[in-house]
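Okay, so here's the structure we're looking at.
Positions are given from 1, in the same order as the sequence printed here.
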Amino acid sequence: MTAEPLPRLLADDLRALAAARQPGRCAACAPLVGAGWDSVPATFDLSTLRCVGTMRDGQIDEPTLLEHHPRGTHTWSPDAPIAPAFFPYNRCDVWVCRACARPFLRYTEYGGYYEDQRIRELGAELLDDAQP
């Protein structure tokens, strides 16, 4: 049995997900709420999240590694734009908290001797439709 492919989510889909979250703090996903990209805590129960789609373009075998920082930010900046056509967003899957619907972006960072699951809250105000 094969799994269904994840739907590709575009900027309007991401804005809708961000708008659908319940306001306030949520105990279920609170450990993940931070400024910018963070490592998923090893003790976090990932079943708290549900995968709802991907930002990967299935037509592109090797997405760009170019980043988009028009305001002088960098990858780890809390106010770095979320630009779906650029790295690392072009390699992200989109997850939501099962309790409050807060959306998160996740990707795997591959280092020389490690893999690190990275996560970032999806803030609609940071979405940027720029293209490489």
Side-chain angles (χ1 to χ4, degrees):
M1 181 181 235
T2 59
E4 290 291 320
L6 293 172
R8 181 159 182 234
L9 303 178
L10 302 174
D12 286 342
D13 303 310
L14 300 172
R15 284 184 186 91
L17 281 171
R21 73 171 276 250
Q22 297 173 12
R25 294 187 49 85
C26 171
C29 66
L32 303 178
V33 177
W37 287 107
D38 286 313
S39 295
V40 175
T43 57
F44 184 76
D45 179 6
L46 288 173
S47 69
T48 302
L49 304 177
R50 176 176 57 91
C51 188
V52 296
T54 187
M55 293 168 68
R56 299 174 199 173
D57 183 343
Q59 303 300 311
I60 300 174
D61 289 332
E62 192 60 37
T64 185
L65 292 172
L66 291 175
E67 296 185 22
H68 180 64
H69 298 285
R71 296 181 311 276
T73 58
H74 55 81
T75 302
W76 311 113
S77 299
D79 59 342
I82 296 173
F86 291 87
F87 181 82
Y89 306 99
N90 58 4
R91 296 165 188 249
C92 286
D93 290 333
V94 183
W95 297 71
V96 296
C97 175
R98 292 178 187 271
C100 72
R102 182 187 308 263
F104 294 93
L105 307 175
R106 285 182 53 195
Y107 83 99
T108 302
E109 181 178 323
Y110 297 97
Y113 297 99
Y114 70 91
E115 288 183 9
D116 191 6
Q117 293 294 317
R118 295 286 184 168
I119 195 159
R120 180 179 188 185
E121 184 177 358
L122 171 60
E125 71 282 358
L126 297 174
L127 281 168
D128 186 327
D129 293 335
Q131 297 295 313

Next on the checklist: I'd like to know whether Thr54 forms a side-chain contact (heavy atoms from CB on, under 4.5 Å) with Cys92, so could you lay out the CA-CA distance, the side-chain angles of the two residues, the decisive distance to 0.1 Å, and finally the verdict.
Outcome noted: CA-CA 6 Å; Thr54 187; Cys92 286; over 6 Å; no
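- Residues Val33 and Phe44 fall within the same hydrophobic cluster, defined by Ile, Leu, Val, Met, Phe, Trp and Tyr side chains chained together at heavy-atom separations under 4.5 Å.
- With contacts defined as side-chain heavy-atom distances shorter than 4.5 Å, the pair Thr75/Glu109 does not qualify.
- The aromatic rings of Phe86 and His68 lie parallel to each other, with less than 30° between the two planes, well short of the 60° mark.
- Taken to the nearest 0.5 Å, the CZ atom of Arg102 stands 3.5 Å off from the CZ atom of Arg21.
- Side-chain atoms of Ser39 and Asp116 include a donor-acceptor pair closer than 3.5 Å.
- The pair Asp129-Arg15 meets the salt-bridge criterion, with a side-chain N (NZ, NE, NH1 or NH2) lying under 4.0 Å from an Asp/Glu carboxylate O.
- The NE2 atom of His69 lies 7.0 Å from the OG atom of Ser77; values are rounded to the nearest 0.5 Å.
- Between Asn90 and Pro84 there is no side-chain heavy-atom pair separated by less than 4.5 Å.
- Phe104 and Leu9 sit in two unconnected hydrophobic clusters of ILVMFWY residues. Membership requires side-chain heavy atoms under 4.5 Å apart, directly or through other members.
- Rounding to the nearest 0.5 angstrom, the gap separating the CG atom in Leu66 from the CZ atom in Phe87 is 10.5 Å.
- Residues Met55 and Val52 share a single hydrophobic cluster, defined by chaining ILVMFWY side chains whose heavy atoms lie under 4.5 Å apart.
- Under the 4.5 Å side-chain criterion, counting only non-hydrogen atoms from C-beta, Ile82 is not in contact with Asp128.
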Checklist entry - Could you walk me through whether Trp95 and Leu46 pass the side-chain contact (heavy atoms from CB on, under 4.5 Å) check? => result CA-CA 10 Å; Trp95 297 71; Leu46 288 173; over 6 Å; no
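- Taking 4.5 Å as the limit, every side-chain heavy atom of Val94 sits out of range of all side-chain heavy atoms of Asp13.
- Taking CD of Glu115 as the start and OH of Tyr110 as the end, the distance is 5.0 Å to the nearest 0.5 Å.
- When side chains are defined from C-beta on, Tyr89 counts as touching Arg120, because their heavy atoms get closer than 4.5 Å.
- Atoms CZ and CZ, from Arg118 and Arg106 in turn, are 13.0 Å apart once rounded to the nearest 0.5 Å.
- Between Leu122 atom CG and Leu105 atom CG the span is 5.0 Å, to the nearest 0.5 Å.
- Looking at Pro41 and Leu32, their side chains come closer than 4.5 Å, going by heavy atoms from C-beta outward.
- Cluster annotation: Leu126 and Leu17 are assigned to the same hydrophobic cluster (Ile/Leu/Val/Met/Phe/Trp/Tyr, side-chain heavy-atom contacts under 4.5 Å, transitive).
- A continuous path of hydrophobic side-chain contacts links Trp37 to Val96 [ILVMFWY only; heavy atoms under 4.5 Å].
- Here the side chains of Asp57 and Pro63 are not in contact, with every heavy-atom distance at 4.5 Å or above.
- Side-chain contact between Arg91 and Leu65 is present, with at least one heavy-atom pair separated by less than 4.5 Å.
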